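Accompanying notes for the structure given below.
Predicted, not measured: the structure shown is a model, and the values here were computed from it. Residue numbers begin at 1 in each chain, while the letters A, B, ... track the order of the sequences. Because only heavy atoms are used, hydrogens play no part in the values below, and waters and symmetry mates are left out as well, while side chains stay in.
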Amino acid sequence: MRTHICGELRKNHEGSNVVLCGWVNKRRDHGKLIFVDLRDFSGVIQVVFDANLSQASYNSAKDLRTEYIIEIRGEVKVRPDETINNDLLTGEVEISTQEIRILSASKTPPFMLDDRAKVDEMTKLKYRYVDLRTEEMQSNMRLRHEVTTVTRQYLNSQGFIEAETPILAKSTPEGARDFLVPSRLNPGAFYALPQSPQLFKQILMFSGFDRIYQIARCFRDEDLRADRQPEFTQIDLEMTFVKVEDVVNLVEGLIYKVFKEVTGEEIKIPFVRMTWKESQETYGSDKPDLRFDMKLKDVTEISRDSKFNIFINVLNKKGCIKSIVIDDYNEFTRKDLDDLVDMAKKYGAGGLIWIKVEENQVLNSPISKFLSPGERENLIKFLKLKEKNLVLIVADEFIKTCTTLGAIRSYLGSRLNLIGEEEFKFTWIVDFPLFEWDEKEKRLSPTHHPFTRPSDETLKYLKSDPLKLNSLAYDIVLNGNELGGGSIRINNSELQKGIFKLLGFDTKRMEENFGFLLRALEYGAPPHGGIALGLDRLIMLIGRLESIREVIAFPKTQSAVDIMTESPSPVTEQQLNEVNIRLAKFKKETEE
RNA sequence: GGAGCUGUCGUCUAGCGGUUUAGGACACGUGCCUGUCACGCACGAGGUCGCGGGUUCGAAUCCCGUCAGCUCCGCCA
């Protein structure tokens, strides 16, 4: 249909007769002369309709409106010097139009494409086809394509093959809530959409495919966040005969390549690496934002002799006391401090203590009267306190103290503008505990997943003290975001059974849920490991965007609704019958 | 399951108990305009202030409920 695309035309096309197709970005009517900015995926070019040149096309141009789709035939002309538009890549030329055809009319769009940033999220999602025309979304989608392209190129070059695995998969316990799909041919039975292709990847390793990857769509029926959608995409890969080091190196190579090719930036590799324990101790998080410092300082030891009840209780329970120091307490009103205390409670800690360092090293705090002179001196010396400093202290059990202060640290990071927005700070977190204690369910739960191999050094605690087991798992963290995680997997049936047992599976349930895996492990399973990277998050971070909705063509709202298609939606009685489902009366209906 | 923020012409917003007949900007419609590119000028149309209830002489404005969007906690092997 067309001979050129809008964005490509330059001075050297002068005199060419071209046919262009695109959207009317803007029409400027000057009476006998009409300018139209014609837009396609490649850019914008000015098209001129001159009544003296072609009365017919000029007349048609009168009817043009924003977002009409047209085809024009005309000649590329170099613009007179004084009318060159330097804001436009095609600004040195314009098309003198001889013929025009309206290919598709358009209603007035629900919002103007050039002020997308201000438009309400709901409006944009309802008219996503309009939103996707904006420069921002066009560029986000292109960015996404570039990242996946480089990923494929890189992994292909490293001996990987791309393999697909079922979307209609088996529901497995553990982990996120499954999306279920009823089976018509097997009444009463359900498939589950995969939370990740994890077990299929592993079994492909058992099958002798040395390295496989997949740009994998994953489904988890959990609540949404700015960086969490019910369906999302992972760069999911698995390799045989590897150690942690091998996977880490490979991923560093991949990330390096992606940044180099996509943004031109040379990311520093290898990435910083720290253990899970270290990360909790110093940043109060398993996904620390290393773009700013503000480390957590442990004051448990110097508080040993404290007379302060809360401290005494925590110390008796083998908890810990940690602090962060802020330069200037004048940044915080009394209300701000109260809010910080509330925040600490929200994150599960008993509370938060603040101490202001006033003139002559006088410590002003709600707990001043409980602090002995010795304690004060210790704090000042140990935390190297200076006048105007503000100390925040949390005392509770280890993990609560860490995560609470960690959350406050990351809040302060943005609140006090400590974050260098331009930076990309990667880190690996390693040596995760294999299990966590689930207080609600009163049982062990896997920190990573139940197929993760315990480290050789801690394997001896398997029977005696499973909470002491460390895993061969690793997370990759970028600017405080969990970008991905992986592990070396168990390749031994007995060990796998042992882990399931610790997780509370009896033989029967083990067989029902994971029989296929245990059997597969008995027919020769090589050592293997892999990782999954959150593709949407990676692209969001590269694009410096606030939400993964910005890098997904058709995302869902926080209540998991696609506003454009109005999905999910009810289905007919017949459809339900065919899959042997009868709806229970749900709350909303019964209340009416 | 919970907390917070938001909801006013198509869009972005002003108004936060009484000269409000709800104002503006952009968009939109009509007309004029031969060098604009955030075109300009003139005129015009467009809103049951998310929805329901209450308080009040009087509610966009205050209160309660509800719905929706967003952010967060829980949840996310």
Side-chain angles (χ1 to χ4, degrees), chain A residues 25-38 44-53 58 62 65-67 77 79-88 90-91 94 96 107-127 130 172-178 195-196 198-199 218-230 232 339 342-343 345-348 403-404 407 410-411 432 434-436 438 440 444-452 471 473 482 485 487 499-500 503 513 532 534 546-547 549 556-559 561 563 588 591:
Chain A
N25 203 45
K26 190 87 197 189
R27 184 181 68 114
R28 289 178 296 279
D29 186 341
H30 284 254
K32 291 283 168 293
L33 191 67
I34 296 172
F35 299 100
V36 164
D37 292 336
L38 188 66
V44 171
I45 185 157
Q46 175 162 284
V47 172
V48 188
F49 297 87
D50 190 333
N52 296 326
L53 200 79
Y58 167 80
K62 280 264 175 210
R65 295 293 179 269
T66 310
E67 298 308 301
K77 292 208 164 144
R79 296 196 194 186
D81 276 352
E82 64 279 11
T83 67
I84 285 172
N85 183 353
N86 289 316
D87 298 333
L88 229 51
T90 58
E94 63 191 12
S96 171
K107 286 187 175 178
T108 302
F111 55 90
M112 285 177 292
L113 268 59
D114 44 2
D115 53 29
R116 168 175 202 272
K118 284 191 269 172
V119 177
D120 176 62
E121 186 86 16
M122 226 195 316
T123 312
K124 287 189 288 194
L125 289 178
K126 179 165 181 192
Y127 301 97
V130 175
T172 53
E174 296 291 326
R177 193 174 293 112
D178 282 322
Q195 297 177 27
S196 97
Q198 183 57 36
L199 291 175
C218 303
F219 307 85
R220 296 179 190 175
D221 188 5
E222 298 293 347
D223 286 1
L224 289 82
R225 290 284 188 283
D227 64 351
R228 273 164 41 187
Q229 284 273 312
F232 61 101
D339 287 347
D342 286 343
M343 193 168 171
K345 287 179 182 159
K346 180 172 138 185
Y347 282 93
T403 49
T404 300
S410 89
Y411 163 76
F432 281 81
L434 187 68
F435 298 117
E436 291 161 336
D438 186 331
K440 257 185 266 165
L444 294 174
S445 78
T447 306
H448 187 51
H449 60 47
F451 323 109
T452 302
S471 69
E482 184 190 333
S487 62
I499 299 293
F500 284 143
L503 292 170
N513 292 307
E546 296 293 319
S547 161
R549 291 188 300 273
K556 294 179 178 53
T557 66
Q558 192 157 46
S559 48
V561 169
I563 312 191
K588 259 184 191 159
E591 273 173 0

Sugar-phosphate only, base, or nothing, as touched by A/R549 at under 4.0 Å among non-hydrogen atoms: sugar-phosphate
A/S559 side chain near B/G69 phosphate (N/O to OP1/OP2, under 4.0 Å): yes
Within the sub-3.5 Å range, which N or O atoms of nucleotides 35-38 of chain B have a protein N or O partner, and how far apart are they?
{"from": "B/G35", "atom 1": "N1", "to": "A/E94", "atom 2": "OE2", "distance (Å)": "2.9"}
{"from": "B/G35", "atom 1": "N2", "to": "A/E94", "atom 2": "OE1", "distance (Å)": "2.5"}
{"from": "B/G35", "atom 1": "N2", "to": "A/E94", "atom 2": "OE2", "distance (Å)": "3.1"}
{"from": "B/U36", "atom 1": "O4'", "to": "A/H30", "atom 2": "NE2", "distance (Å)": "3.3"}
{"from": "B/U36", "atom 1": "O2'", "to": "A/H30", "atom 2": "NE2", "distance (Å)": "3.3"}
{"from": "B/U36", "atom 1": "O2", "to": "A/R28", "atom 2": "NE", "distance (Å)": "2.7"}
{"from": "B/U36", "atom 1": "O2", "to": "A/R28", "atom 2": "NH2", "distance (Å)": "3.2"}
{"from": "B/U36", "atom 1": "O2", "to": "A/Q46", "atom 2": "OE1", "distance (Å)": "3.3"}
{"from": "B/U36", "atom 1": "N3", "to": "A/Q46", "atom 2": "OE1", "distance (Å)": "2.8"}
{"from": "B/U36", "atom 1": "N3", "to": "A/Q46", "atom 2": "NE2", "distance (Å)": "2.9"}
{"from": "B/U36", "atom 1": "O4", "to": "A/Q46", "atom 2": "NE2", "distance (Å)": "2.7"}
{"from": "B/U36", "atom 1": "O4", "to": "A/R79", "atom 2": "NH1", "distance (Å)": "3.1"}
{"from": "B/C37", "atom 1": "O4'", "to": "A/R28", "atom 2": "NE", "distance (Å)": "3.1"}
{"from": "B/C37", "atom 1": "O2", "to": "A/Q46", "atom 2": "OE1", "distance (Å)": "3.3"}
{"from": "B/C37", "atom 1": "O2", "to": "A/N85", "atom 2": "ND2", "distance (Å)": "3.1"}
{"from": "B/C37", "atom 1": "N3", "to": "A/R79", "atom 2": "NH1", "distance (Å)": "2.7"}
{"from": "B/C37", "atom 1": "N4", "to": "A/R79", "atom 2": "NH1", "distance (Å)": "3.1"}
{"from": "B/C37", "atom 1": "N4", "to": "A/T83", "atom 2": "O", "distance (Å)": "2.4"}

Between B/G50 (C1') and A/I563 (CD1): distance, integer Å: 14 Å
Touch class at under 4.0 angstrom, heavy-atom based, for A/M122 against every strand present: sugar-phosphate
Counterpart base for B/C49, defined by Watson-Crick or G-U wobble contacts under 3.5 Å: none
Residue-phosphate contact under 4.0 Å: A/R65 side-chain N/O, B/G29 OP1/OP2: yes
Candidates B/G69, B/U71, B/G10 - which lies nearest the side chain of A/M112: B/G10
Pairwise P distance, B/U20 and B/C37 [rounded to whole Å]: 37 Å
Phosphate contact (B/C73 OP1 or OP2) by A/R225 side-chain N/O below 4.0 Å: yes
Rounded P spacing from B/U11 to B/C51 in Å: 14 Å
A/K440 side chain near B/C75 phosphate (N/O to OP1/OP2, under 4.0 Å): yes
Atom pair OG1 (A/T404) and NZ (A/K346), whose distance is rounded to the nearest 0.5 Å: 11.5 Å
Closest approach of A/R228 to A/D223 (non-hydrogen atoms, all atoms of both residues): NH2-O, 2.6 Å
Touch class at under 4.0 angstrom, heavy-atom based, for A/T66 against every strand present: sugar-phosphate
d(NZ, A/K62; P, B/G29) in whole Å: 13 Å
Separation between the C1' atoms of B/U8 and B/U13, rounded to whole Å: 9 Å
Sugar-phosphate only, base, or nothing, as touched by A/Q198 at under 4.0 Å among non-hydrogen atoms: base
Working for side chain to side chain contact (heavy atoms under 4.5 Å, CB included), residues A/T66 and A/R27: CA-CA 7 Å; A/T66 310; A/R27 184 181 68 114; over 6 Å; no
A/E222 bridged to A/R177 by N-O distance under 4.0 Å: yes
Straight-line distance of A/D120 CG to A/L125 CG, nearest 0.5 Å: 9.0 Å
Polar-atom pairs under 3.5 Å, protein N or O versus N or O of nucleotides 22-25 of chain B: list them with distances, or write none.
none

If you restrict it to nitrogen or oxygen atoms, what contacts under 3.5 Å exist between nucleotides 41-48 of chain B and the protein, and what is each distance?
none

Paired nucleotide for B/U71 [Watson-Crick or G-U wobble; both distances under 3.5 Å]: B/A3
From B/C76, B/C70, B/G10, nucleotide with atom closest to A/R228 side chain: B/C76
Touch class at under 4.0 angstrom, heavy-atom based, for A/K107 against every strand present: nothing
Spatial distance of atom CZ (A/R225) from atom CD (A/Q558) [nearest 0.5 Å]: 7.0 Å
Sugar-phosphate, base or nothing in reach of A/K346, heavy atoms under 4.0 Å: sugar-phosphate
Pairwise P distance, B/C75 and B/U6 [rounded to whole Å]: 28 Å
A/F232 CZ to A/D227 CG distance, which is reported to the nearest 0.5 Å: 10.5 Å
Rounded distance [0.5 Å steps], CD in A/Q46 versus OG1 in A/T90: 8.5 Å
Shortest side-chain distance from A/D223, nucleotide among B/U11, B/G74, B/C72: B/G74
Least distance between heavy atoms, A/F432 atom then A/A473 atom: CD1-O, 3.8 Å
Base partner of B/C32, which must satisfy Watson-Crick or wobble distances under 3.5 Å: B/G40
Student check: side-chain heavy atoms of A/T447 and A/S471 closer than 4.5 Å: no
d(NZ, A/K32; P, B/C32) in whole Å: 8 Å
B/U56 pairs with, by Watson-Crick or G-U criteria that keep both distances under 3.5 Å: none
Nearest-angstrom distance from the residue atom CD of A/Q558 to P of B/U6: 16 Å
Euclidean distance, atom CD of residue A/E222 to atom P of B/C75 [Å, nearest integer]: 10 Å
Main-chain N/O of A/K107 paired with A/E67 side-chain donor or acceptor, under 3.5 Å: no
Audit row: A/R79, A/N85, side chain to side chain contact (heavy atoms under 4.5 Å, CB included) steps and yes/no: CA-CA 9 Å; A/R79 296 196 194 186; A/N85 183 353; 3.6 Å; yes
Gap between atoms NZ and P, on A/K345 and B/A3 respectively (whole Å): 17 Å
Distance, P atom - from B/G52 to B/A14, rounded to whole angstrom: 24 Å
Non-hydrogen atoms of A/I563 and A/M122 that approach each other most closely: CD1-CG, 3.3 Å
Counterpart base for B/G17, defined by Watson-Crick or G-U wobble contacts under 3.5 Å: none
Spacing of the P atoms in B/U21 and B/A60 (rounded, Å): 11 Å
Between P of B/G74 and CG of A/D438, the distance in whole Å: 13 Å
Separation of B/A27 C1' from A/Y127 OH (nearest whole Å): 14 Å
Under-4.0 Å salt bridge between A/D37 and A/R28: yes
Considering all heavy atoms, the nearest A/F451-A/F500 contact: CE2-CZ, 3.8 Å
